[in-house]
Amino acid sequence: MKRIIAVILFFTAFAFAQQLDLTRPQNYMLHRVSSTDPTGGNADNRQVSPGQTLAVMDVDGPGEITHIWFTIADWEQYHLKRIVLRMYWDGEATPSVETPIGDFFGLGLGDYHPWQSKVLSVGSDKALNCFFAMPFAKHARITVTNEGERKIDALYFNIDYRSYTQPLPSDTLYFHAQYRQAQPNHGWSNQWKDNGDPLVNSKKNLDGKDNYVWLEATGRGHFVGVTMSVLQNQDGWWGEGDDMFFIDGEQKPSIVGTGSEDYFLGAWDFGGHPFSYESYGAPVVGDERAGGRSSVYRFHLDSPIPFTKSLRATIEHGHANVRSDNFYSVTYWYQTEPHAAFPPLPPVEQRLPALQPTGGPGNTAAIAK
(Lines give C-alpha, C1' and ligand atoms only; values in the text may rest on other atoms or scores of the structure.)
Protein backbone atom coordinates (compact mmCIF):
# COMPACT_ATOMS: atom_id res chain seq x y z
CA MET A 1 0.00 0.00 0.00
CA LYS A 2 2.84 2.41 0.84
CA ARG A 3 4.40 1.69 -2.55
CA ILE A 4 1.13 2.59 -4.29
CA ILE A 5 0.88 5.88 -2.37
CA ALA A 6 4.51 6.70 -3.21
CA VAL A 7 3.88 6.15 -6.92
CA ILE A 8 0.76 8.34 -6.82
CA LEU A 9 2.57 11.17 -5.04
CA PHE A 10 5.59 10.90 -7.32
CA PHE A 11 3.42 11.58 -10.31
CA THR A 12 1.66 14.46 -8.59
CA ALA A 13 5.09 16.13 -8.59
CA PHE A 14 4.41 16.48 -12.29
CA ALA A 15 0.74 17.31 -12.14
CA PHE A 16 1.14 19.31 -15.35
CA ALA A 17 1.89 16.03 -17.18
CA GLN A 18 -0.92 14.05 -15.60
CA GLN A 19 -4.63 14.28 -16.17
CA LEU A 20 -6.68 13.51 -13.12
CA ASP A 21 -9.20 10.76 -13.59
CA LEU A 22 -12.32 12.83 -13.01
CA THR A 23 -14.45 9.69 -12.70
CA ARG A 24 -12.64 8.60 -9.53
CA PRO A 25 -12.82 10.04 -5.99
CA GLN A 26 -9.83 12.24 -5.13
CA ASN A 27 -7.69 11.53 -2.06
CA TYR A 28 -7.00 15.14 -1.06
CA MET A 29 -8.79 18.19 0.30
CA LEU A 30 -8.40 21.41 -1.69
CA HIS A 31 -7.68 24.69 0.09
CA ARG A 32 -6.95 28.26 -0.92
CA VAL A 33 -5.07 31.10 0.70
CA SER A 34 -5.83 34.46 -0.82
CA SER A 35 -5.89 38.20 -0.39
CA THR A 36 -9.65 38.19 0.07
CA ASP A 37 -11.07 40.85 2.37
CA PRO A 38 -11.48 39.09 5.77
CA THR A 39 -14.40 41.39 6.63
CA GLY A 40 -16.39 40.22 3.63
CA GLY A 41 -15.99 43.57 1.89
CA ASN A 42 -14.45 44.17 -1.51
CA ALA A 43 -10.93 45.23 -0.46
CA ASP A 44 -9.52 41.93 -1.75
CA ASN A 45 -5.87 42.92 -1.80
CA ARG A 46 -2.88 43.78 0.36
CA GLN A 47 -0.68 46.85 0.36
CA VAL A 48 3.06 46.33 0.82
CA SER A 49 5.23 49.22 1.97
CA PRO A 50 8.83 49.73 0.81
CA GLY A 51 11.07 47.30 2.67
CA GLN A 52 8.14 45.23 3.94
CA THR A 53 7.92 41.44 3.62
CA LEU A 54 4.42 39.97 3.41
CA ALA A 55 3.79 36.27 4.02
CA VAL A 56 1.18 35.31 1.44
CA MET A 57 1.15 31.63 2.49
CA ASP A 58 2.05 29.97 5.78
CA VAL A 59 0.46 26.51 6.16
CA ASP A 60 1.26 23.08 7.53
CA GLY A 61 1.59 19.87 5.50
CA PRO A 62 1.64 17.34 4.15
CA GLY A 63 0.37 19.06 1.07
CA GLU A 64 1.05 20.28 -2.45
CA ILE A 65 0.59 23.65 -4.10
CA THR A 66 -1.04 23.24 -7.51
CA HIS A 67 -1.66 26.81 -8.67
CA ILE A 68 -0.44 30.32 -7.84
CA TRP A 69 -1.98 33.54 -9.19
CA PHE A 70 -0.84 37.11 -8.62
CA THR A 71 -1.73 40.47 -10.05
CA ILE A 72 -0.12 43.71 -8.94
CA ALA A 73 -1.03 47.39 -8.95
CA ASP A 74 2.27 49.21 -8.54
CA TRP A 75 3.09 52.38 -10.44
CA GLU A 76 6.85 52.26 -9.90
CA GLN A 77 8.83 51.56 -13.06
CA TYR A 78 10.33 48.06 -13.12
CA HIS A 79 8.38 46.96 -10.06
CA LEU A 80 8.51 43.43 -11.49
CA LYS A 81 12.28 43.50 -10.88
CA ARG A 82 11.99 45.22 -7.47
CA ILE A 83 9.51 42.80 -5.86
CA VAL A 84 11.11 39.54 -4.66
CA LEU A 85 9.29 36.20 -4.41
CA ARG A 86 10.61 33.55 -1.99
CA MET A 87 9.38 30.07 -1.05
CA TYR A 88 10.44 27.94 1.91
CA TRP A 89 9.67 24.25 2.43
CA ASP A 90 9.50 22.40 5.74
CA GLY A 91 10.98 25.16 7.88
CA GLU A 92 14.22 25.60 5.94
CA ALA A 93 16.27 28.68 6.79
CA THR A 94 17.14 29.59 3.19
CA PRO A 95 14.54 29.68 0.42
CA SER A 96 14.14 27.07 -2.30
CA VAL A 97 12.75 29.81 -4.54
CA GLU A 98 14.29 33.28 -4.69
CA THR A 99 13.72 35.51 -7.69
CA PRO A 100 12.27 38.86 -8.69
CA ILE A 101 8.58 38.19 -9.15
CA GLY A 102 8.52 39.21 -12.79
CA ASP A 103 11.42 36.94 -13.70
CA PHE A 104 9.72 33.97 -12.02
CA PHE A 105 6.83 34.44 -14.47
CA GLY A 106 9.12 34.90 -17.48
CA LEU A 107 9.02 38.72 -17.45
CA GLY A 108 12.75 39.19 -17.13
CA LEU A 109 12.91 42.60 -18.81
CA GLY A 110 10.69 44.21 -16.19
CA ASP A 111 7.76 44.77 -18.56
CA TYR A 112 4.47 42.90 -18.92
CA HIS A 113 3.70 40.85 -22.00
CA PRO A 114 1.15 38.03 -22.41
CA TRP A 115 2.47 34.53 -23.03
CA GLN A 116 1.48 30.99 -22.19
CA SER A 117 2.99 27.60 -21.51
CA LYS A 118 1.76 24.56 -19.64
CA VAL A 119 3.36 25.59 -16.34
CA LEU A 120 3.67 29.39 -16.46
CA SER A 121 1.61 32.06 -18.18
CA VAL A 122 0.79 35.74 -18.13
CA GLY A 123 -2.82 36.35 -19.04
CA SER A 124 -4.55 39.51 -20.04
CA ASP A 125 -4.04 41.87 -18.36
CA LYS A 126 -1.08 41.36 -15.97
CA ALA A 127 -2.36 38.06 -14.57
CA LEU A 128 0.62 35.97 -13.35
CA ASN A 129 -0.07 32.21 -13.22
CA CYS A 130 2.02 29.22 -12.13
CA PHE A 131 0.98 25.55 -12.37
CA PHE A 132 4.18 23.88 -11.17
CA ALA A 133 3.44 21.23 -8.53
CA MET A 134 5.08 22.12 -5.21
CA PRO A 135 4.88 19.37 -2.55
CA PHE A 136 5.75 19.96 1.10
CA ALA A 137 5.91 17.43 3.91
CA LYS A 138 5.62 19.68 6.97
CA HIS A 139 5.24 23.34 6.05
CA ALA A 140 5.05 25.82 3.19
CA ARG A 141 5.80 29.52 3.47
CA ILE A 142 5.72 32.01 0.58
CA THR A 143 6.73 35.64 0.98
CA VAL A 144 6.71 38.78 -1.17
CA THR A 145 9.21 41.55 -0.37
CA ASN A 146 8.92 45.06 -1.73
CA GLU A 147 12.44 46.30 -2.45
CA GLY A 148 11.12 49.30 -4.37
CA GLU A 149 10.88 52.89 -3.25
CA ARG A 150 7.11 53.11 -3.58
CA LYS A 151 4.28 51.24 -1.93
CA ILE A 152 2.62 48.34 -3.73
CA ASP A 153 -0.88 49.79 -3.89
CA ALA A 154 -2.60 46.43 -4.36
CA LEU A 155 -1.24 42.89 -4.32
CA TYR A 156 -3.86 40.30 -5.18
CA PHE A 157 -3.17 36.57 -4.81
CA ASN A 158 -4.85 33.18 -4.87
CA ILE A 159 -2.82 30.07 -3.99
CA ASP A 160 -4.53 26.69 -4.32
CA TYR A 161 -3.10 23.68 -2.49
CA ARG A 162 -4.01 20.14 -1.57
CA SER A 163 -3.72 18.67 1.90
CA TYR A 164 -3.06 14.95 2.20
CA THR A 165 -3.88 12.51 4.99
CA GLN A 166 -0.83 10.36 4.22
CA PRO A 167 2.78 11.57 4.58
CA LEU A 168 4.82 12.21 1.47
CA PRO A 169 7.38 9.56 0.50
CA SER A 170 10.79 10.16 2.06
CA ASP A 171 12.39 10.60 -1.38
CA THR A 172 9.99 13.33 -2.53
CA LEU A 173 11.68 15.94 -4.70
CA TYR A 174 11.00 19.59 -3.90
CA PHE A 175 10.40 22.45 -6.32
CA HIS A 176 13.17 25.04 -6.69
CA ALA A 177 13.64 28.18 -8.75
CA GLN A 178 16.73 30.40 -8.87
CA TYR A 179 17.45 33.78 -10.44
CA ARG A 180 20.75 34.68 -12.06
CA GLN A 181 21.92 37.52 -14.24
CA ALA A 182 24.91 38.90 -16.09
CA GLN A 183 24.77 42.63 -16.72
CA PRO A 184 26.80 42.32 -18.82
CA ASN A 185 28.27 38.99 -19.85
CA HIS A 186 31.98 39.57 -20.44
CA GLY A 187 32.86 38.63 -24.01
CA TRP A 188 36.48 37.72 -24.72
CA SER A 189 36.72 40.32 -27.48
CA ASN A 190 34.88 43.35 -28.82
CA GLN A 191 37.04 43.55 -31.96
CA TRP A 192 34.65 41.57 -34.14
CA LYS A 193 32.39 42.90 -36.89
CA ASP A 194 29.61 40.32 -37.25
CA ASN A 195 28.67 36.76 -36.37
CA GLY A 196 30.49 35.43 -39.44
CA ASP A 197 33.79 37.01 -38.45
CA PRO A 198 36.59 34.37 -38.69
CA LEU A 199 37.97 35.73 -35.41
CA VAL A 200 34.78 34.44 -33.78
CA ASN A 201 34.04 31.27 -35.73
CA SER A 202 37.54 29.82 -35.29
CA LYS A 203 37.30 30.01 -31.50
CA LYS A 204 36.78 26.66 -29.72
CA ASN A 205 34.84 25.97 -26.52
CA LEU A 206 34.65 22.34 -25.49
CA ASP A 207 34.60 22.66 -21.69
CA GLY A 208 32.11 25.51 -21.19
CA LYS A 209 34.67 27.89 -19.73
CA ASP A 210 33.12 31.33 -19.12
CA ASN A 211 29.64 30.18 -20.18
CA TYR A 212 26.66 31.95 -18.66
CA VAL A 213 25.55 29.72 -15.78
CA TRP A 214 21.85 29.04 -15.46
CA LEU A 215 22.22 26.73 -12.46
CA GLU A 216 24.68 24.89 -10.27
CA ALA A 217 22.90 22.35 -8.06
CA THR A 218 24.03 19.55 -5.76
CA GLY A 219 21.96 16.62 -4.61
CA ARG A 220 19.60 14.38 -6.55
CA GLY A 221 16.93 15.75 -8.81
CA HIS A 222 16.03 16.85 -12.32
CA PHE A 223 16.14 20.05 -14.31
CA VAL A 224 12.78 21.01 -15.79
CA GLY A 225 13.37 24.30 -17.55
CA VAL A 226 14.46 27.91 -17.83
CA THR A 227 13.08 31.31 -18.74
CA MET A 228 15.58 33.88 -19.99
CA SER A 229 15.53 37.48 -21.17
CA VAL A 230 18.20 39.25 -23.19
CA LEU A 231 19.03 42.94 -23.51
CA GLN A 232 21.52 43.33 -26.33
CA ASN A 233 24.51 45.59 -25.80
CA GLN A 234 25.81 44.84 -29.29
CA ASP A 235 24.43 44.57 -32.82
CA GLY A 236 23.80 41.29 -34.59
CA TRP A 237 22.15 38.03 -33.56
CA TRP A 238 22.67 37.24 -29.87
CA GLY A 239 21.82 33.56 -30.14
CA GLU A 240 24.87 31.78 -31.58
CA GLY A 241 25.65 30.33 -28.12
CA ASP A 242 25.27 26.59 -27.43
CA ASP A 243 23.62 25.14 -24.35
CA MET A 244 25.84 22.78 -22.31
CA PHE A 245 24.78 20.54 -19.41
CA PHE A 246 27.40 19.03 -17.08
CA ILE A 247 25.88 16.15 -15.09
CA ASP A 248 27.35 14.65 -11.90
CA GLY A 249 30.72 16.38 -12.12
CA GLU A 250 31.41 15.99 -15.83
CA GLN A 251 34.41 17.96 -17.13
CA LYS A 252 32.93 18.00 -20.61
CA PRO A 253 29.18 18.31 -21.14
CA SER A 254 27.20 15.22 -22.07
CA ILE A 255 24.42 17.41 -23.52
CA VAL A 256 25.51 20.07 -26.03
CA GLY A 257 23.30 22.08 -28.37
CA THR A 258 23.71 23.83 -31.72
CA GLY A 259 22.62 27.38 -30.93
CA SER A 260 20.49 29.38 -28.53
CA GLU A 261 17.37 29.56 -30.70
CA ASP A 262 17.75 25.81 -31.27
CA TYR A 263 17.75 25.08 -27.53
CA PHE A 264 14.58 27.13 -27.18
CA LEU A 265 13.15 25.01 -30.04
CA GLY A 266 12.94 27.77 -32.62
CA ALA A 267 15.17 28.21 -35.66
CA TRP A 268 16.88 30.81 -37.84
CA ASP A 269 16.84 33.72 -35.36
CA PHE A 270 13.19 32.85 -34.57
CA GLY A 271 12.34 34.29 -37.98
CA GLY A 272 12.03 37.66 -36.30
CA HIS A 273 8.58 36.72 -34.99
CA PRO A 274 7.38 35.95 -31.43
CA PHE A 275 5.73 32.63 -30.62
CA SER A 276 4.51 30.87 -27.50
CA TYR A 277 3.79 27.13 -27.16
CA GLU A 278 3.19 24.58 -24.43
CA SER A 279 6.83 23.78 -23.66
CA TYR A 280 8.88 26.36 -25.55
CA GLY A 281 8.72 29.75 -27.12
CA ALA A 282 10.07 33.25 -27.68
CA PRO A 283 7.21 35.58 -26.71
CA VAL A 284 9.45 38.65 -27.22
CA VAL A 285 11.76 38.82 -30.25
CA GLY A 286 13.66 42.08 -30.57
CA ASP A 287 15.61 43.73 -33.34
CA GLU A 288 19.12 42.37 -33.80
CA ARG A 289 20.86 45.53 -32.66
CA ALA A 290 22.11 47.15 -29.48
CA GLY A 291 19.05 47.81 -27.36
CA GLY A 292 17.14 44.83 -28.78
CA ARG A 293 15.09 42.89 -26.21
CA SER A 294 14.08 39.23 -26.30
CA SER A 295 12.47 36.74 -23.90
CA VAL A 296 12.57 32.96 -24.36
CA TYR A 297 11.67 29.77 -22.47
CA ARG A 298 12.11 26.00 -22.59
CA PHE A 299 10.50 23.40 -20.33
CA HIS A 300 11.69 19.77 -20.41
CA LEU A 301 8.27 18.37 -19.58
CA ASP A 302 8.78 15.38 -21.89
CA SER A 303 12.13 14.37 -20.37
CA PRO A 304 13.49 16.32 -17.40
CA ILE A 305 17.30 16.16 -17.15
CA PRO A 306 18.18 13.91 -14.16
CA PHE A 307 21.22 14.24 -11.93
CA THR A 308 22.25 12.08 -8.97
CA LYS A 309 25.04 14.24 -7.49
CA SER A 310 25.20 17.60 -9.23
CA LEU A 311 24.19 19.61 -12.26
CA ARG A 312 25.78 22.57 -13.99
CA ALA A 313 23.45 24.01 -16.63
CA THR A 314 24.97 26.68 -18.89
CA ILE A 315 24.75 28.47 -22.23
CA GLU A 316 27.29 30.40 -24.26
CA HIS A 317 26.81 34.16 -24.75
CA GLY A 318 27.52 34.25 -28.45
CA HIS A 319 29.73 31.63 -30.11
CA ALA A 320 32.46 30.62 -27.65
CA ASN A 321 31.30 33.49 -25.39
CA VAL A 322 32.36 36.41 -27.58
CA ARG A 323 29.30 38.60 -26.96
CA SER A 324 28.68 40.95 -24.03
CA ASP A 325 24.89 41.13 -23.83
CA ASN A 326 22.83 41.19 -20.63
CA PHE A 327 21.16 37.90 -19.60
CA TYR A 328 18.49 37.50 -16.89
CA SER A 329 17.27 33.99 -16.13
CA VAL A 330 15.28 31.77 -13.80
CA THR A 331 15.80 28.01 -13.69
CA TYR A 332 13.19 25.54 -12.42
CA TRP A 333 14.09 22.14 -11.02
CA TYR A 334 13.14 19.48 -8.47
CA GLN A 335 15.59 17.95 -6.01
CA THR A 336 16.12 16.44 -2.59
CA GLU A 337 16.87 18.74 0.32
CA PRO A 338 19.08 20.31 1.44
CA HIS A 339 19.89 22.37 -1.65
CA ALA A 340 23.16 24.17 -2.35
CA ALA A 341 23.43 27.81 -1.35
CA PHE A 342 22.06 30.23 -3.93
CA PRO A 343 24.26 33.07 -5.19
CA PRO A 344 23.34 36.35 -3.47
CA LEU A 345 20.46 38.17 -5.12
CA PRO A 346 21.92 41.28 -6.79
CA PRO A 347 20.93 44.61 -5.20
CA VAL A 348 17.76 46.02 -6.69
CA GLU A 349 19.44 48.80 -8.69
CA GLN A 350 21.72 46.25 -10.34
CA ARG A 351 18.71 44.15 -11.39
CA LEU A 352 17.14 46.89 -13.50
CA PRO A 353 17.80 46.30 -17.23
CA ALA A 354 20.25 48.87 -18.58
CA LEU A 355 22.52 49.05 -21.61
CA GLN A 356 26.18 48.61 -20.75
CA PRO A 357 29.21 50.26 -22.44
CA THR A 358 30.87 47.06 -23.61
CA GLY A 359 32.22 48.18 -26.97
CA GLY A 360 31.75 46.05 -30.05
CA PRO A 361 29.32 46.46 -32.96
CA GLY A 362 26.70 49.11 -32.27
CA ASN A 363 28.09 49.99 -28.84
CA THR A 364 30.28 52.82 -27.64
CA ALA A 365 31.52 53.85 -24.22
CA ALA A 366 29.12 56.77 -24.43
CA ILE A 367 25.99 54.59 -24.17
CA ALA A 368 23.87 55.99 -21.35
CA LYS A 369 22.51 53.62 -18.78
Side-chain angles (χ1 to χ4, degrees), residues 30-60 63 65-89 91-115 120-132 134 136 139-161 175 177-179 181 227 229 328 330 342 344-353:
L30 190 67
H31 306 272
R32 175 177 293 169
V33 294
S34 77
S35 56
T36 187
D37 188 337
T39 71
N42 196 35
D44 294 324
N45 61 76
R46 300 289 185 272
Q47 295 183 342
V48 187
S49 300
Q52 180 185 357
T53 294
L54 175 69
V56 298
M57 184 177 190
D58 199 341
V59 301
D60 291 328
I65 297 168
T66 57
H67 173 240
I68 298 173
W69 169 87
F70 288 107
T71 193
I72 306 165
D74 186 328
W75 311 116
E76 187 171 14
Q77 185 181 26
Y78 290 132
H79 63 264
L80 289 171
K81 304 289 283 189
R82 301 175 190 271
I83 301 169
V84 179
L85 177 67
R86 295 183 175 91
M87 303 184 191
Y88 305 80
W89 312 127
E92 61 187 350
T94 59
S96 290
V97 173
E98 184 176 51
T99 166
I101 198 167
D103 291 80
F104 182 86
F105 292 96
L107 305 177
L109 296 170
D111 298 320
Y112 289 94
H113 60 262
W115 68 283
L120 293 171
S121 64
V122 179
S124 181
D125 179 38
K126 304 180 180 179
L128 312 177
N129 285 278
C130 172
F131 294 92
F132 275 114
M134 305 178 188
F136 52 96
H139 196 79
R141 177 176 170 83
I142 300 178
T143 67
V144 170
T145 300
N146 181 8
E147 294 188 359
E149 297 178 357
R150 297 183 57 176
K151 177 179 64 177
I152 301 174
D153 290 327
L155 175 71
Y156 293 84
F157 56 90
N158 286 308
I159 303 174
D160 298 315
Y161 71 99
F175 176 78
Q178 181 183 109
Y179 174 79
Q181 70 173 54
T227 58
S229 295
Y328 317 91
V330 174
F342 286 19
L345 196 66
V348 63
E349 292 304 318
Q350 295 180 21
R351 299 197 298 262
L352 308 185

Exactly one of Phe136, Phe132, Phe131 clears ring pair (Phe, Tyr, Trp, His ring centres under 6.0 Å) with Phe175, and that residue is Phe132
Passing candidate, side-chain contact (heavy atoms from CB on, under 4.5 Å) with Ile142, options Val97, Val59, Leu85, Leu54 = Leu85
If the condition is side-chain contact (heavy atoms from CB on, under 4.5 Å), which residues does [X] pass it with, not counting sequence neighbours?
X	result
Pro346	Tyr179, Gln181, Gln350, Arg351
Ser34	Arg32, Thr36, Asn158
Ser229	Leu109, Ser295, Tyr328

Under a 4.0 Å N-O cut-off, is there an ion pair linking Lys81 with Asp103?
-> yes
Salt-bridge contact Arg82-Glu147 (side-chain N to carboxylate O under 4.0 Å) = no
Is the centre of the Phe105 ring less than 6.0 Å from the centre of the His113 ring?
-> no
Can you measure from [atom1] ([X]) to [atom2] ([Y]) and round to the nearest 0.5 angstrom?
X	Y	atom1	atom2	result
Lys151	Gln52	NZ	CD	10.5 Å
Trp89	Met134	CH2	CE	5.5 Å
Ile152	Thr145	CD1	OG1	9.0 Å

Is any side-chain heavy atom of [Y] closer than 4.5 Å to one of [X]?
X	Y	value
Ile83	Val144	yes
Met57	Thr143	no
Trp115	Leu107	yes
Phe70	Leu155	yes
Ile68	Met87	yes

Contacts of type salt bridge (charged side-chain N to carboxylate O under 4.0 Å, His left out), residue Arg46, not counting sequence neighbours | none
So which heavy atom on [X] is nearest to which on [Y], and how close?
X	Y	value
Ala177	Phe104	CB-CE1, 3.9 Å
Thr71	Lys126	OG1-O, 2.8 Å
Leu80	Pro100	O-CB, 3.7 Å

Applying side chain to side chain donor-acceptor pair (under 3.5 Å), name anything that partners Asp153, two or more places apart in sequence or on another chain.
-> Trp75
Non-neighbouring partners of His31 that pass ring pair (Phe, Tyr, Trp, His ring centres under 6.0 Å), sequence neighbours left out | Tyr161
